[in-house]
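Everything on this sheet refers to the single structure shown next.
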Amino acid sequence: MAFWLMKSEPDVWSWAQQVKKGIEPWTGVRNHQAAKNLRTMAVGDKAFFYHSNDGREIVGIVSIVKKAYTDPSDETGKFVCVDVKAEKPMPKPVTLAQVKADAKLKDMALIKLSRLSVQPVSEAEWKHICKLGGL
DNA sequence: GCCAACGTTGGC
DNA sequence: GCCAACGTTGGC
């Protein structure tokens, strides 16, 4: 099982909406590196749900319930989406400031590749963030 | 609101 | 195929 981090602007798609909906296609990715990560995902993989821009914190965990398929919102048919399911919220959301301040997390793509919206997370980083988040 | 980083577009 | 111009993302 692999771990990921997926960004969403809460104005567009928030954690609260994800929880209410349960399962939702993760559409709108138009970046090749992010799309490559989507294609690498397997059913059962887990991902942090991160609020970019407004919030800048990891607010919950989702799981991948359907592997990559053609994004219905993409007219060119080149990009893909996956279906994600809300698993559980972070008891204590982990902020970007916390991630930046933590020596164990300083190499995360979240910091180094700040514009990448779908990114891999190592198992060590995953466990550490879960601990910080109160899980 | 500004700006750095990065991706895309289009002229050559 | 190069690169300047421009658009977008996302932190501050």
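All chains are named by letter (A, B, ...) in the order of the sequence lines, taking the proteins before the strands, and each is independently numbered beginning at 1. Keep in mind that this is a model prediction, so the values were computed, not measured.
Contacts of A/Asp11 classified as salt bridge (charged side-chain N to carboxylate O under 4.0 Å, His left out), with partners at least two apart in sequence or in another chain: none.
Side-chain contact between A/Arg30 and A/Asp71: present, with at least one pair of heavy atoms (C-beta onward) separated by less than 4.5 Å. When side chains are defined from C-beta on, A/Tyr69 counts as touching A/Asp83, because their heavy atoms get closer than 4.5 Å.
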Protein N or O to nucleotides 10-12 of chain C N or O, pairs below 3.5 Å:
unit_1: C/dG11; atom_1: OP1; unit_2: A/Tyr50; atom_2: OH; d: 3.0
unit_1: C/dG11; atom_1: OP2; unit_2: A/Asn53; atom_2: N; d: 2.9
unit_1: C/dC12; atom_1: OP1; unit_2: A/Lys100; atom_2: NZ; d: 2.2

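Taking the six-membered ring where the residue is Trp, A/Phe49 and A/Trp26 present perpendicular rings, their angle passing 60° and hence far from 30°.
Taking atom CG of A/Leu113 as the reference point, atom P of B/dC6 lies 7 Å away to the nearest angstrom.
Note: the hydrophobic cluster containing A/Trp15 does not contain A/Val65 (ILVMFWY, side chain heavy atoms under 4.5 Å, direct or indirect links).
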